[in-house]
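See below for the structure under consideration.
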Amino acid sequence: MKRPSGREADQMRQVTLTRHYTKHAEGSVLVEFGDTKVICTVSAESGVPRFLRGSGQGWVTAEYGMLPRSTGERMQREASRGKQGGRTLEIQRLIGRSLRAAVDLKSLGENTLYIDCDVIQADGGTRTASITGACVALVDALRVMKQRGAIKKMPAVQMIAAVSVGIYQGVPVLDLDYLEDSAADTDLNVVVTDKGGFIEVQGTAEAAPFSAEELNAMLALARQGVDELFIKQLAALED
């Protein structure tokens, strides 16, 4: 089996996290997984949704979108169609769930963190790149909130990272690009905390069903990949 990119089965694409990528947001990161590029911004605002008012607890929510020419052909903006597609809704809910696990919401007070993930170039793995980059932007936003006095202390934070794995030409592989993703027998997205807990495992057999042994092999690859991502995240935050 030869991967289209020439990578080994257990080899990630080149991953880059560029902090403070935009001027105005409390936290912003350009995350690159190979040719997949996503701008992740985190905006901090006072107040919470109605169902949390008076609870003293904060909230984290996310929105996700792809620019019209982030893919090979121009796609129509969802705003011009008047509604978001099912894929978009699914991905932004996944990002929100994942990043709520990153922070102690009770320590956040009645403040909301809005995460926006905008794909400027897609080559597979946009949701996993979004989660990984947005977690770094979230930490930066919390630091700014503390500096401004919006929160008294940094809430407890655990890092969250995500990676795709799959079965390509019968072999478990790590971090699928578009050519692999579009032809994979199985596609799995795995979201993990730096303490080793799984937040979400999304898996689909596109061709033949996958076995328990193949699932375990993919999860082992995912753990290897997120461990590499946690190192990248911490190194970025130390810059």
Side-chain angles (χ1 to χ4, degrees), residues 4-5 7 12-43 60-100 102 113-141 160-166 174-184 187-191 199-200 202 204 222 225-226 229 232-233 236:
S5 63
R7 288 180 287 147
M12 295 278 296
R13 291 173 285 181
Q14 179 66 39
V15 175
T16 305
L17 296 160
T18 305
R19 293 167 61 214
H20 312 306
Y21 192 71
T22 64
K23 177 179 180 179
H24 300 294
E26 282 76 13
S28 65
V29 166
L30 171 66
V31 55
E32 300 171 76
F33 277 38
D35 285 336
T36 287
K37 304 176 190 293
V38 186
I39 298 174
C40 305
T41 58
V42 178
S43 305
V60 176
T61 188
E63 293 186 15
Y64 165 95
M66 297 180 68
L67 267 63
R69 202 56 205 272
S70 58
T71 57
E73 296 180 356
R74 185 186 186 277
M75 67 182 73
Q76 187 179 11
R77 293 182 189 272
E78 290 182 321
S80 67
R81 296 202 302 264
K83 65 176 183 178
Q84 292 178 306
R87 176 182 178 274
T88 297
L89 291 170
E90 176 217 340
I91 291 175
Q92 64 189 29
R93 287 168 181 161
L94 170 65
I95 297 169
R97 285 195 302 272
S98 299
L99 274 299
R100 280 193 288 275
L113 295 173
Y114 293 93
I115 299 167
D116 289 288
C117 297
D118 293 290
V119 179
I120 60 174
Q121 185 168 284
D123 186 39
T126 61
R127 72 188 70 193
T128 54
S130 295
I131 291 167
T132 303
C135 189
V136 174
L138 182 145
V139 173
D140 275 336
I160 308 293
V163 72
S164 64
V165 287
L174 175 63
D175 189 24
L176 282 67
D177 58 27
Y178 175 75
L179 289 176
E180 294 169 327
D181 189 21
S182 61
D187 180 19
L188 204 71
N189 296 298
V190 184
V191 186
I199 293 176
E200 192 132 358
Q202 296 182 332
T204 303
V226 294
L229 293 173
K232 293 274 189 180
Q233 287 176 325

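In this chain, numbering begins with 1 at the start of the sequence shown.
Contact record, Val15 with Lys232: O-NZ, 3.3 Å, taken as the closest heavy-atom pair. Of all non-hydrogen atoms in Ser70 and Met75, the two that sit nearest each other are OG-CE, 4.0 Å. Closest of all the heavy-atom pairs between Ser98 and Ile160 is O-CG1, 3.7 Å. Shortest non-hydrogen contact noted between Ala134 and Ile115 is CB-CG2, 3.8 Å. Ala102 and Cys135 make their closest contact through CB-SG, 4.4 Å (heavy atoms, listed as atom of the first residue, atom of the second, distance).
Scanning for side chain to side chain contact (heavy atoms under 4.5 Å, CB included) contacts around Ala129 gives Val31, Phe33, Thr36, Val38, with sequence neighbours left out. Every residue meeting the salt bridge (charged side-chain N to carboxylate O under 4.0 Å, His left out) condition with Glu90, not counting sequence neighbours, appears here in chain and number order: Arg127. Arg77 is linked by a salt bridge (charged side-chain N to carboxylate O under 4.0 Å, His left out) to nothing, counting only residues two or more places apart in sequence or in another chain. Listed by chain and number, the residues in a side-chain hydrogen bond (donor to acceptor under 3.5 Å, both in side chains) with Thr88 are Glu78 (sequence neighbours excluded). Residues passing the side-chain hydrogen bond (donor to acceptor under 3.5 Å, both in side chains) test with Thr18: none are found, sequence neighbours excluded. In this structure Arg19 satisfies the salt bridge (charged side-chain N to carboxylate O under 4.0 Å, His left out) test together with Asp140, sequence neighbours excluded. Evaluation of the side chain to side chain contact (heavy atoms under 4.5 Å, CB included) rule for Glu73 yields no partner, not counting sequence neighbours. Every residue meeting the side-chain hydrogen bond (donor to acceptor under 3.5 Å, both in side chains) condition with Arg13, not counting sequence neighbours, appears here in chain and number order: Asp175. With sequence neighbours left out, the side chain to side chain contact (heavy atoms under 4.5 Å, CB included) criterion links Ser182 to Tyr178. Remark: Gln84 pairs with Gln92 by the side-chain hydrogen bond (donor to acceptor under 3.5 Å, both in side chains) rule, at least two apart or across chains. With sequence neighbours left out, Ala162 forms a side chain to side chain contact (heavy atoms under 4.5 Å, CB included) with Thr128, Ile131, Thr132, Val191.
A side chain to side chain contact (heavy atoms under 4.5 Å, CB included) with Val42 is found for one member of Leu113, Asp116, Val136 and no other, namely Leu113.
Once rounded to the nearest 0.5 Å, the distance linking CD of Glu63 with CG of Leu89 reads 10.0 Å. Going from atom SG of Cys117 over to atom CD1 of Ile95 covers 4.0 Å, rounded to the nearest 0.5 Å. Atom-to-atom distance recorded for Thr204:OG1 and Leu188:CG is 8.0 Å, nearest 0.5 angstrom. Expressed to the nearest 0.5 Å, how far CG of Leu67 lies from CG of Asp118 amounts to 6.5 Å. Atom CD of Gln121 is separated from atom CD1 of Ile39 by 11.5 Å, given to the nearest 0.5 angstrom. The CE atom of Met66 sits 11.5 Å away from the CD1 atom of Ile120 when rounded to the nearest 0.5 Å.
Sequence neighbours left out, the pairs with a member in residues 29-42 that pass salt bridge (charged side-chain N to carboxylate O under 4.0 Å, His left out) are Glu32-Lys37.
Between Tyr64 and Leu94, the closest side-chain pair of non-hydrogen atoms is not below 4.5 Å. You'll find the side chain of Val163 reaches within 4.5 Å of the side chain of Leu174, heavy atoms only. Using a 4.5 Å heavy-atom threshold, the side chains of Ser43 and His24 count as separate.
Looking only at distances, no side-chain donor or acceptor of Ser164 sits under 3.5 Å from a matching main-chain atom of Gly125. Looking at Arg74, its side chain never comes within 3.5 Å of a backbone N or O of Pro68 through a donor-acceptor pair. A distance-only check finds no donor-acceptor pair linking the side chain of Arg97 to the backbone of Leu99 [under 3.5 Å].
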Using side chain to side chain contact (heavy atoms under 4.5 Å, CB included), reason through Asn189 and Glu200 one step at a time and then give a plain yes or no. CA-CA 8 Å; Asn189 296 298; Glu200 192 132 358; over 6 Å; no
So Asp177 and Arg7, side chain to side chain contact (heavy atoms under 4.5 Å, CB included) or not? Walk me through it. CA-CA 11 Å; Asp177 58 27; Arg7 288 180 287 147; 3.8 Å; yes
